[in-house]
Amino acid sequence: MARLMMFTWDMPGDCDVRAMTYVLNAHLRRHDTYRSWFDFRDDEEIVRHTIANSADIAVVPNRHGVMTAEDVREHLLRTPDPSNWDGFRFGVIQRDDHFTFYASIAHLFVDPMIMGVLFGEIHVMYSALISGAPPIQLPTAGSYGEYCQQQHQYTSGLTAESPEVRAWIDFAMNNDGSLPDFPLPLGDLSVPRDGDTLSVRLLNAKQTNQFESACVAGGARFSGGVFASAAFASYELTGADAFHVITPTDTRKTPTELVTTGWFTGLVPVTVPITSSFGDTACAAQTSFDTDTQLATVPFECVRQLAPPELGITSPRPGNFVMSFLDASIAPLSTVANSDLNFRIYNEGRASHQVSMWIIRLEHETMVTALFPDNPVARESVTRYIEAMRTVYVRVADGRWSGACVQDIAV
């Protein structure tokens, strides 16, 4: 997982610094996740500090003068970690006819839903203020601290015999006692390395709609097809007749939580038995995801601690595999992704010990972006896997899968 989440988008004209300062203070005071920092004293003791009164938060602008692109990058990468209160940086880069707003936030404090929250609060509030309108009254945000207390109470009541813990244990036992590994070699992961990235277009707009139709015809949604395609790619490259992966999901449930910033993300174990039918395989993947979404509220580390020692359940190993599906073609993310404001998400490029893949459905295409250890072996393996997966997507979308057997996946 990246240490930082970083975003930018463009806005016309010169930045009104006074209005932007007001908006940023309102955002920081609104969400209690920003009021924490931590002392990591040892493996068993983590002390959380909080700011009791949100009105005590008051950020002020700080001009840096002319900066190169490398200067800006280094400035963002120096965003403090969660052992400091201000584990975030917001700012603007003024250009000739527009300015770029940027945010760099410690990932511990926010999950990917911050994209919609930032855009919906900062952009909309700022636009209203500079137009002369009064400050927008946003819906009341919830308390991330209260959510954490509820989660702690829930996990404290779990035992090794709890059904959700048993389900995680069964999944781990099918993956050598831990979370699943990427199916191809990744080189020497004992050597700390930066992360490398690769982005590939899987489908164009027409193919994206056709792929979704094939998923629906098989009794699945687009997400089921995503995991089925990954399963067939794994089969082609390894011969494994079942595919295992973990996928993050949002655990927000109430309207209030949907506008609350914090870490509301959990992991879902997905198991896909591979058949010759794309529809049947996608349906099985969908059933696995839908059934086990409830396990997202159970941290795997909690499972490891509760599991009987003789089972040998271990923490995730270097090289584990995480696959995410993000549908940015529907609200609220479609408002951000499909705007004309050049919204961007950035990878900090620091150490990566696992393979993370994001399948992103946009309005006009479907893309995959992968983050993996920066070494030639890992890049070659990830490239092979993505190409095998892209072939599955295209064959399904173009209607060339009918009657295919799993031994005949490659074009």
Side-chain angles (χ1 to χ4, degrees), residues 1 111-113 162-175 178-183 202-203 208 211-235 240-253 258 263-275 277-300 302-303 316 320-330 333 354-361 366-370 385 389 392-393 396-397 401 406:
M1 181 183 74
D111 62 15
M113 284 295 286
S162 299
E164 50 268 70
V165 175
R166 288 300 319 170
W168 266 117
I169 290 174
D170 291 344
F171 181 79
M173 295 304 291
N174 285 324
N175 290 280
S178 190
L179 298 182
D181 297 326
F182 186 69
L202 298 171
L203 301 168
T208 293
F211 181 83
E212 182 176 41
S213 295
C215 295
V216 172
R221 302 188 301 278
F222 201 104
S223 55
V226 166
F227 298 121
S229 298
F232 281 118
S234 180
Y235 177 86
D241 58 5
F243 174 70
H244 304 277
V245 75
I246 55 173
T247 185
T249 192
D250 184 53
T251 60
R252 293 170 174 85
K253 295 182 174 64
L258 289 174
W263 187 269
F264 291 80
T265 298
L267 297 177
V268 180
V270 177
T271 297
V272 186
I274 302 171
T275 71
S277 164
F278 177 83
D280 289 348
T281 303
C283 186
Q286 194 72 66
T287 299
S288 175
F289 174 76
D290 291 348
T291 300
D292 289 337
T293 296
Q294 61 180 331
L295 304 184
T297 57
V298 183
F300 185 73
C302 176
V303 174
N320 65 292
F321 189 19
V322 181
M323 176 169 283
S324 307
F325 170 62
L326 181 65
D327 191 344
S329 68
I330 59 175
L333 292 181
Q354 66 183 26
V355 175
S356 299
M357 285 191 185
W358 294 268
I359 312 298
I360 306 174
R361 181 184 181 180
T366 298
M367 297 283 299
V368 58
T369 295
Y385 188 90
M389 195 166 61
V392 177
Y393 276 91
V396 171
W401 191 271
V406 291

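Any value given below was found using the heavy atoms of this structure, including those in side chains, with hydrogens, waters and symmetry copies removed. Positions are given from 1, in the same order as the sequence printed here.
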Study note, to complete from the structure: When every non-hydrogen atom of Leu179 is compared with those of Pro316, the smallest separation belongs to CD1-CG, 3.5 Å
Practice item. Locate the shortest heavy-atom distance separating Ala282 from Ala220; write the atom from each residue and the value. Key: O-CB, 3.5 Å
Revision key, fill the gap. One should read off an interatomic distance between Met113 CE and Leu258 CG, to the nearest 0.5 angstrom, of 6.0 Å
**Study point:** Over 12 foreign heavy atoms within 6.0 Å of CG, Asp290
**Key:** yes
Review point. Just wondering, do Phe321 and Met357 contact through their side chains at under 4.5 Å, heavy atoms?
Key: yes
Check your understanding: Under 6.0 Å between the ring centres of Phe289 and Phe325?
Key -> no
Exercise for review: Look up atom CG in Leu295 and atom CD1 in Ile246, then write down how far apart they are to the nearest 0.5 Å.
Suggested key: 12.5 Å
Review point. If we only count heavy atoms from C-beta on, is the Arg221 to Cys215 side-chain gap below 4.5 Å?
Key: no
Review point. If only atom types and distance count, is the side chain of Tyr385 paired as donor or acceptor with the main-chain N or O of Ala230 below 3.5 Å?
Key: yes
Revision key, fill the gap. When rounded to the nearest 0.5 Å, the distance separating CE of Met323 from OG of Ser223 is 12.5 Å
Check your understanding: Do Thr366 and Phe222 come within less than 4.5 Å of each other through their side chains, counting heavy atoms only?
Key -> yes
**Study point:** Student check: side-chain heavy atoms of Thr247 and Phe227 closer than 4.5 Å
**Key:** yes
Exercise for review: Specify the closest pair of heavy atoms between Ala296 and Thr251, including all atoms of both residues, with the distance to one decimal.
Suggested key: CB-CG2, 3.9 Å
Check your understanding: Are Thr271 and Asn174 close enough that some pair of their side-chain heavy atoms sits under 4.5 Å apart?
Key -> no
Exercise for review: Specify the closest pair of heavy atoms between Ala397 and Leu203, including all atoms of both residues, with the distance to one decimal.
Suggested key: CB-CD2, 3.9 Å
Check your understanding: Taking side chain as C-beta onward, heavy atoms only, is Pro180 less than 4.5 Å from Phe171?
Key -> yes
**Study point:** Passing option when Thr275 is tested against Thr281, Asp280, Asp241 for side-chain hydrogen bond (donor to acceptor under 3.5 Å, both in side chains)
**Key:** Thr281
Point to revise | Polar side-chain atom of Gln286 near backbone of Gly224 as donor-acceptor pair, under 3.5 Å | key: yes
Study note, to complete from the structure: salt bridge (Lys or Arg N to Asp or Glu O under 4.0 Å) filter on Arg252, not counting sequence neighbours, yields Asp111, Asp250
Review point. In Å and rounded to the nearest 0.5 Å, what is the CE to OG1 distance from Met367 to Thr208?
Key: 11.0 Å
Check your understanding: What's the shortest heavy-atom distance between Val272 and Ala285, and which atoms?
Key -> CG2-CB, 3.7 Å
Practice item. Could you tell me if the ring centre of Phe278 sits under 6.0 Å from that of Phe211? Key: yes
**Study point:** Shortest non-hydrogen contact between Ser234 and Phe243, atoms and distance
**Key:** CB-CD1, 3.7 Å
Review point. Heavy-atom distance under 4.5 Å between the side chains of Val392 and Tyr235, does that happen here?
Key: no
Revision key, fill the gap. The reported gap from CD in Gln354 to CG in Asn320 (rounded to nearest 0.5 angstrom) is 4.5 Å
Check your understanding: Is the closest side-chain heavy-atom distance between Lys253 and Thr297 below 4.5 Å?
Key -> yes
